[in-house]
Amino acid sequence: MRHLTAALAATAVLVTTAATPATAGQAAATPAPPSPASVLPSSASEPPSSVSVKVRPGTSKGTGALTPIAGADRLVAPLGVDPACPARIDIGLRSDAKKAGYATAAVEVDPPLTASRAMLTSYLPPGYELSAKLLVAVPPGTAEGTYGLRLRTSTRSLEVPVEVMPVDRLDNGGNVALRRPVTASSQHTNANYPPCSVADGDRSSNGWAGGNGWNDATARSFPDTVAIALGGARQISRVDLYTLDTERYPAYRYGVRDWDVQVQVGGQWQTVAQVRGNTAGNVRSDFAPVTADAVRVVVLASNGANDYTRIIEVEVR
Ligand SMILES: [Ca+2]
């Protein structure tokens, strides 16, 4: 993690750049990197979902069975969050069959919770696993408590408890922005880039275009802003920003370059840190402790084509 920021109250050490947008004035290019090409199309029988099924080699146990698997042994689903950012869990199937074939599992969730797919199915060679993101929505008015999520094949069943709780009771690891309301200056509508994804607790860039990061809608027009309400006055002194950064879409070409970190105190926004010339995937900004109701990131420029703002996560402590 790189320290590129300095509190304005302290001696500011800013990395500056005189670079201008190389592509300014040209016609708008591709709005955002597409999702990786390694995904397979979903079955037409599945509910609409932006999340695709992936197949990869696994470890066959030679049992001849089809085994449901999940990426976690429980799922926490907070109440009252933006429906664009439901709780998510990896689900899948491992084939220990001797021959390739279609592997299918039913997905069931206790009402009133709803899941993004009712079935998981794919052609699967022996020893391979398939995986997919499952989105679990908590409708307004759902009672707190533990609900059941089940993956069922013809011979086996896996149950994952889903814990529904208010945001105030989440184990946030000190990140007071987690699952709080997010607003942004704009939102790209050609894919799944909701503003609430910058506070969904997932800082990995791997789910880009799958609902795990925000992409603004105004090509080559800055500033772009994203603000997180903290659910009350909180004393904070640190913001960690994660921008798009993968092997295919590295931060030095697709990430944000210049931004201000602002806090809202008494209804007024104050700049507490500035980052200039960033090329890293994540940047920590420390500043003098301040009691604030909200945090805002004001993006002034991006790397590469300098076209869009792409932010995966903003954590506040
Ligand atoms: Ca995220």
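Given the structure is predicted, the values throughout are model-derived calculations rather than measurements. When a ligand or atom number is given, it counts from 1 through the structure's own listing order.
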Asks: Under 3.0 Å from the Ca ion (ligand 1), is there an N/O/S atom belonging to N212?
Replies: yes
Asks: Should the pair R203-D240 be classified as a salt bridge under the 4.0 Å nitrogen-to-oxygen rule?
Replies: no
Asks: Can you give me the O-the Ca ion (ligand 1)-OE1 angle for S197 and E313, to 10°?
Replies: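 Rounding to the nearest 10 degrees gives 80°.
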Asks: Please give the atom name: the N, O or S atom of D202 nearest to the Ca ion (ligand 1).
Replies: O
Asks: Under a plain distance cut-off of 3.5 Å, with no hydrogens placed, do D224 and T218 share a side-chain donor-acceptor pair?
Replies: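 Yes, because at least one side-chain N or O of T218 sits under 3.5 Å from a partner of the opposite role on D224.
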Asks: Answer yes if the side chains of T271 and Q262 hold a donor-acceptor pair under 3.5 Å, and no otherwise.
Replies: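 Their side chains do contain a donor-acceptor pair, which is all the 3.5 Å distance test asks for.
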Asks: Between R276 (side chain only) and W259 (backbone N and O only), is there a donor and an acceptor less than 3.5 Å apart?
Replies: yes
Asks: Let me check your reading of the structure: within less than 3.0 Å of the Ca ion (ligand 1), is there an N/O/S atom from I312?
Replies: yes
Asks: Are any of the side-chain nitrogens in D200 or R180 under 4.0 Å away from the carboxylate oxygens of its partner?
Replies: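 Salt bridge between D200 and R180, a charged N being under 4.0 Å from a carboxylate O: no.
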Asks: For the Ca ion (ligand 1), find the closest N/O/S atom on D200 and give its atom name.
Replies: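 Of all N, O or S atoms belonging to D200, OD1 is the one nearest the Ca ion (ligand 1).
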